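To start, the structure itself, in structure tokens.
As the structure is a prediction and not an experimental result, all values here were calculated from the model. Chain identifiers are assigned alphabetically (A, B, ...) following the order of the sequence lines, protein sequences preceding nucleic acid strands; residue numbering begins at 1 within each chain.
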Amino acid sequence: DAKTTQPNSMESNEEEPVHLPCNHSTISGTDYIHWYRQLPSQGPEYVIHGLTSNVNNRMASLAIAEDRKSSTLILHRATLRDAAVYYCILRDVQAGNMLTFGGGTRLMVKP
Amino acid sequence: GAVVSQHPSRVICKSGTSVKIECRSLDFQATTMFWYRQFPKQSLMLMATSNEGSKATYEQGVEKDKFLINHASLTLSTLTVTSAHPEDSSFYICSARDPTSAQETQYFGPGTRLLVL
């Protein structure tokens, strides 16, 4: 399985943008980049996904490098409720389309 | 996004008893559901993949006779922890794949916290 590398933790100030990086240098052509987040004591929540082009939705933006070896999840204005563990996951649609969780990045938001 | 529910949200049981956890997809039909387990300060680990109408596929190291999975309908999967022991205490999370969404997005339930005394 293609793996991802994320920083263990990051800090942000409330109401400021947050850029969460993810490296996936061994990504294959059929891997989609998915982001989930897990708030304390809850199940993971889908955030966004993409293949090659940048993506925007109501929760976040996903910026994908041209060579697809890295991506960045962007929270435009962090709130205290965004404090969570953010997981960057590769899903191969041709290999079972499974979600395999790594360690993720624990985002702490300071008021 | 789509909604997946789990019941119960938490359960405390005595060692040696069995516990059943239900997972429902509320607004879509899920041919495939997944069961994960998460120990404190660790990431989610996939236990098994449940396909409606067929036997579940278990990950390496997960005992299929201990963790019984039934996926009898397109909206319901159950996980039964048989003869539970304290080491089975964990956060169990189910997930359902929505076949109608882009890239078959997987949605997660809120989790069930199991404590075995």
Side-chain angles (χ1 to χ4, degrees), chain A residues 1 3-9 22 27-53 55-60 62 64 71 84-108, chain B residues 1-10 21-28 30-51 57-60 79 90-99 101-115:
Chain A
D1 291 340
K3 293 188 189 293
T4 63
T5 305
Q6 299 177 254
N8 289 335
S9 64
C22 181
I27 191 170
S28 73
T30 51
D31 281 322
Y32 279 77
I33 302 160
H34 286 249
W35 283 81
Y36 282 77
R37 72 179 186 181
Q38 186 178 24
L39 278 64
S41 298
Q42 295 187 29
E45 175 186 25
Y46 167 78
V47 178
I48 201 166
H49 76 274
L51 181 62
T52 56
S53 304
V55 185
N56 299 296
N57 66 20
R58 64 175 179 80
M59 288 183 71
L62 176 59
I64 301 173
S71 61
V85 178
Y86 287 78
Y87 296 98
C88 168
I89 304 168
L90 300 182
R91 281 181 77 183
D92 187 345
V93 294
Q94 291 188 351
N97 213 7
M98 307 299 286
L99 274 181
T100 303
F101 286 79
T105 296
R106 181 173 298 278
L107 175 66
M108 292 166 280
Chain B
V3 179
V4 175
S5 71
Q6 272 184 251
H7 178 79
S9 59
R10 60 177 62 222
I21 304 169
E22 290 187 350
C23 176
R24 294 181 186 274
S25 56
L26 297 185
D27 49 5
F28 64 94
T31 52
T32 306
M33 288 184 167
F34 305 87
W35 287 96
Y36 292 79
R37 180 168 55 180
Q38 186 175 33
F39 292 107
K41 299 194 186 303
Q42 293 186 24
S43 190
L44 283 77
M45 296 295 296
L46 179 64
M47 297 175 68
T49 302
S50 167
N51 292 300
T57 303
Y58 290 81
E59 295 299 303
Q60 195 171 10
L79 169 69
S90 188
F91 193 45
Y92 291 86
I93 307 168
C94 76
S95 177
R97 188 181 281 174
D98 182 357
S101 69
Q103 305 315 315
E104 297 189 339
T105 303
Q106 232 174 280
Y107 296 98
F108 287 80
T112 296
R113 193 163 299 281
L114 171 64
L115 176 61

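Heavy-atom pairs under 4.5 Å with chain B were tallied for A/Gly102, A/Gly104, A/Gly103; the largest tally goes to A/Gly102. Of the listed residues (B/Arg113, B/Arg97, B/Gln42, B/Glu104), the one with the most heavy-atom contacts under 4.5 Å to chain A is B/Arg97. Ranked by non-hydrogen atom pairs under 4.5 Å with chain A, the options B/Ser95, B/Pro110, B/Gly109 are led by B/Pro110.
Listed for the B/Glu22 side chain is no donor-acceptor partner under 3.5 Å among the backbone atoms of B/His7. Side chain of A/Asn57 to main chain of A/Val47: a donor-acceptor pair is present (N/O by atom type, distance under 3.5 Å, no hydrogens or angles).
For the 3.5 Å distance criterion, the side chains of B/Asp98 and B/Thr105 fail to qualify, holding no donor opposite an acceptor.
Both the backbone and the side chain of B/Leu44 come within less than 4.5 Å of a heavy atom of chain A. Interface residue B/Thr49: only side-chain heavy atoms are found under 4.5 Å from chain A. For a residue to count as touching a neighbouring chain, one of its non-hydrogen atoms must lie under 4.5 Å from one of that chain's; by this rule A/Arg106 does not touch chain B. Contacts of A/Glu45 with chain B are absent, with no heavy-atom separation under 4.5 Å from either backbone or side chain.
Taking the side chain as every heavy atom from C-beta outward, B/Phe91 and B/Pro40 never approach each other to under 4.5 Å. Using a 4.5 Å heavy-atom threshold, the side chains of B/Gln106 and A/Arg91 count as touching.
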- Verdict with supporting geometry, A/Trp35 and A/Tyr86, side chain to side chain contact (heavy atoms under 4.5 Å, CB included): CA-CA 7 Å; A/Trp35 283 81; A/Tyr86 287 78; 4.1 Å; yes

